[in-house]
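Since the structure comes first, as structure tokens, the remarks are kept for the end.
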2 protein chains.
Amino acid sequence: MVKGPTVYDVAERAGVSIATVSFAFSQPHRVRESTRNSVLDAARELGYVPSASARGLAKGRTGALGLFSFDFLNLLPEAETDRTAIGGAPDDFLRFPVWVDEVQRGVELECFSRGYALMIGGGNKASGERAVTDIAGRVDGLIIFPRTIPAEVTRRISARIPVVELSDPEGESSLHRVTTDNASGIRQLMEHLIGFHRFRKFMFVSIPTADTEARYNAYSAVLAAHGLAVQPPLESRPGTSAVTAELIAELQDSGSLPDCFVCANDQEAVVVLETLKAAGIPVPDRVAVTGFDGIVAGRLVKPTLTTVRQPMELIGRTAVDILIDTLTDPPASPAHRQLPVSLAVRESCGCRGEGD
Amino acid sequence: MVKGPTVYDVAERAGVSIATVSFAFSQPHRVRESTRNSVLDAARELGYVPSASARGLAKGRTGALGLFSFDFLNLLPEAETDRTAIGGAPDDFLRFPVWVDEVQRGVELECFSRGYALMIGGGNKASGERAVTDIAGRVDGLIIFPRTIPAEVTRRISARIPVVELSDPEGESSLHRVTTDNASGIRQLMEHLIGFHRFRKFMFVSIPTADTEARYNAYSAVLAAHGLAVQPPLESRPGTSAVTAELIAELQDSGSLPDCFVCANDQEAVVVLETLKAAGIPVPDRVAVTGFDGIVAGRLVKPTLTTVRQPMELIGRTAVDILIDTLTDPPASPAHRQLPVSLAVRESCGCRGEGD
DNA sequence: ATGAAAGCGCTAACAT
DNA sequence: ATGTTAGCGCTTTCAT
């Protein structure tokens with residue numbers, strides 16, 4: 001591609017200085033109308049496209065925000081391998097949007113409507129650090145998913161531009177954060193399961209990570225308050241439905257299936273659902289299953305998944321809002337906004353689950 | 001946020017020149033290991049994050065590709081208004097990813113794995129031109145959806161950077177293009193409907209745009225080849241299910257319902273499906289319905305939607321591939337890659353539609 | 001209202 | 001192997 005025209009070319013053609021060209025675009029009212037028109041005409045005739053690099057260098061701001069999205073599903077070789085594991089439908093549930101995608105959509109929409117461009121970066125364990133640094137150098141503010149980047153890297157970046165972490169309340173962090181009220185969601189869910197369905201024996205399903213800690217703690221607290229026993233969580237591995245299958249088979253053999261599996265998130269729940277189906281254990285008749293998040297796949301499985309819905313689009317929009325606020329006038333301390341969640345009663349708990 | 005450290009700071013701290021700092025990062029082998037380490041250390045200690053603007057300005061390339069995505073659903077006020085129109089489920093089908101989202105995912109994945117950052121821009125009719133020009137100034141190559149941007153703007157941009165248009169085969173264009181074999185898809189579909197189901201009376205459903213022209217033409221050709229009558233298409237309006245409902249009511253009243261509605265795309269088909277359900281006309285028993293595209297929502301409706309699946313992720317990946325190829329060595333003439341489609345026989349045509 | 005000129009932070013010759 | 005230096009294209013005082 002031929003080198004594009006610059007301010008100099010436009011200025012020459014319009015018979016003005018480069019400063020005037022710049023003004024004609026950025027502060028139209030400061031140049032006489034006739035001058036402005038000749039500049040605009042020249043620009044049009046030449047096919048002038050301003051260089052964002054030059055502009056960014058000169059202004060010290062790029063006008064773009066960044067979202068760094070670890071590609072959980074597609075770039076990690078492990079996940080790739082196990083893609084066909086769920087329900088034998090290689091092409092199916094794993095292709096539906098998950099939490100990350102729905103949050104991303106919120107980020108996009110808010111960026112566009114606020115006049116910012118969005119730079120998306122992705123990486124895996126290997127490319128992670130350089131990839132996130134790269135994108136950090138391109139934007140005025142950055143949004144990151146929790147626990148995807150070493151804290152040290154995050155700290156370095158946040159010394160230069162504002163960073164919002166999408167995280168659970170637990171994490172002590174000096175970054176801006178948007179969180180959701182996990183504890184309240186679990187409480188609503190458990191009250192429904194205990195109070196309405198009269199379930200007594202529960203089992204929590206989760207990989208043991210910080211992500212699910214708040215949920216597990218709230219779950220334990222509710223059980224304790226009701227004088228119910230808290231079993232140790234069933235430690236599945238993400239994406240590896242084989243492990244889950246084995247664990248569930250053991251439970252069945254020992255006659256110790258619970259009344260209800262409370263899964264730490266919807267993806268776990270879908271795996272559990274499919275595993276139970278494969279084992280010939282009817283859901284919700286023999287055992288109920290619940291999730292957490294509210295991803296699309298939860299409406300596709302049969303029975304449909306009772307879950308706690310997070311306002312994913314809003315999470316994304318809120319993160320952008322924090323960034324723009326911060327850019328406008330830097331707050332003294334890191335912003336933290338907590339968003340509400342809501343119970344979605346569907347079929348997998350034993351309800352009819354019509355309306356959503 | 002405090003101004004971040006620059007090459008000068010790093011150079012000073014490491015006791016070298018800025019050129020050495022630059023080399024230490026870009027051509028590590030060209031500097032002595034001890035020197036390189038002291039530079040890297042200094043950078044780490046200072047929390048150095050290279051400025052992409054400066055780098056882009058100096059190199060003439062940004063290392064990012066762009067995707068300009070008109071936000072069909074969420075930024076156009078018309079659509080917003082009618083969001084609740086489908087099946088009375090305000091929150092439902094329209095929130096699922098559509099064609100655009102799935103293509104975007106392919107673009108993202110390919111960019112990341114090829115080491116490019118992705119700049120996403122969005123706009124509506126009003127902000128469109130300036131928004132797309134803005135993003136064009138930020139990237140080394142741009143991908144656009146068909147008919148979202150005035151040809152003149154596209155031309156101007158493509159004089160500066162390579163542009164790939166995701167489009168139908170019909171469009172005569174000087175841009176790079178990736179298309180799908182619409183005609184073949186329709187042919188496979190029609191052969192199934194005519195040959196297997198023995199349908200005779202068809203009605204094509206589509207808004208009359210260039211998008212659907214190739215599909216309609218192929219549809220007509222197949223009917224003609226079978227000696228079947230071609231009715232004028234039922235001209236629904238996108239998102240306005242009320243119009244569709246009215247048209248279908250008329251058909252029913254006059255006793256002229258077809259054997260099968262062949263919809264130009266899945267979104268239309270979902271509307272038709274819901275409309276027929278509301279009118280108490282059983283699908284597929286009284287009348288069959290088919291779509292085109294293969295979006296997620298097609299698997300959610302009841303009956304599930306028989307359709308022609310486009311390789312959406314691959315479309316996105318291919319566009320990126322073209323751009324990177326072009327950047328590497330500019331081709332003499334615009335690239336054009338046509339991708340195959342495949343028939344997805346599900347329930348709405350009268351099949352059992354188990355496997356996908 | 002417009003022009004002149006000094007950077008913004010980095011890369012890439014070209015010198016040494 | 002490392003340093004010097006001239007831009008890259010634009011914004012922004014400061015003059016005029």
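What you see is a predicted model; the values in this text were computed from it and never measured. Quick note on labels: first sequence line is chain A, next is B, and so on, each numbered from 1. Every heavy atom of this structure was used, including side-chain atoms; hydrogens, water molecules and symmetry mates were not.
- E12(B) places its CD atom 14 Å from the P atom of dG9(C), with the value rounded to the nearest Å.
- The A58(B) side chain lies nearest to dG7(D) when the options are dT2(C), dG7(D), dG9(D).
- Using a 4.0 Å heavy-atom cutoff across all strands shown, S53(A) reaches no nucleic acid atom at all.
- At the heavy-atom level, S22(A) lies under 4.0 Å from base atoms of the strands shown.
- Two residues, T35(B) and P5(A), neighbour DNA chain D, and the one matched to the more 5' nucleotide by heavy-atom proximity is T35(B).
- Atom-to-atom, CG of L46(A) to P of dG9(D) comes out at 14 Å; the value is rounded to the nearest Å.
- Following rounding to the nearest Å, Y48(B) (OH) and dG9(C) (C1') show an atom-to-atom distance of 7 Å.
- Phosphate proximity of dT11(C) to R55(B): present, with a side-chain N or O under 4.0 Å from OP1 or OP2.
- Side chain of T35(B) to main chain of V31(B): no donor-acceptor pair is present (N/O by atom type, distance under 3.5 Å, no hydrogens or angles).
- We find that CZ of R160(A) is positioned 11 Å from C1' of dC8(C), with the value rounded to whole Å.
- Both K59(A) and S17(B) sit near DNA chain D, but only S17(B) has its closest nucleotide nearer the 5' end.
- Using a 4.0 Å heavy-atom cutoff across all strands shown, V16(B) reaches sugar-phosphate atoms only and no base atom.
- Taking only side-chain nitrogens and oxygens, S26(A) never comes nearer than 4.0 Å to OP1 or OP2 of dT11(D).
- Among the atoms of the strands shown, none is found under 4.0 Å from any heavy atom of F25(B).
- Contacts of Y48(B) classified as ring-ring contact (aromatic ring centres under 6.0 Å, His included), with partners at least two apart in sequence or in another chain: F25(B).
- Residues forming a side chain to side chain donor-acceptor pair (under 3.5 Å) with E12(B) (at least two apart in sequence, or on another chain): none.
- Minimum atom distance to the side chain of A19(A) is reached by dA5(C), of the listed dT2(D), dA5(C), dC8(D).
- Atoms CD1 (I18(B)) and P (dC10(C)) sit 9 Å apart, rounded to a whole Å.
- Counting atom types as modelled, Y8(A) pairs no side-chain N or O with a base atom of dC8(D) as donor and acceptor under 3.5 Å.
- Side-chain atoms of R160(B) come within 3.5 Å of backbone atoms of V49(A) as a donor-acceptor pair (strictly under, hydrogens ignored).
- Taking for each of R30(B) and P50(B) the nucleotide of DNA chain C with the nearest heavy atom, the 5'-most of the two is the partner of P50(B).
- When the C1' atom of dG9(C) is taken as reference, atom CG of L57(B) falls 9 Å away, rounded to whole Å.
- Per the geometry, CZ belonging to F23(A) stands 11 Å off P belonging to dA1(C), to the nearest Å.
- Rounded to a whole Å, the CD1 atom of I161(B) is 15 Å from the P atom of dG9(D).
- Under the 3.5 Å distance criterion, with hydrogens and angles disregarded, no donor-acceptor pair is assigned to the side chains of Q104(A) and E313(A).
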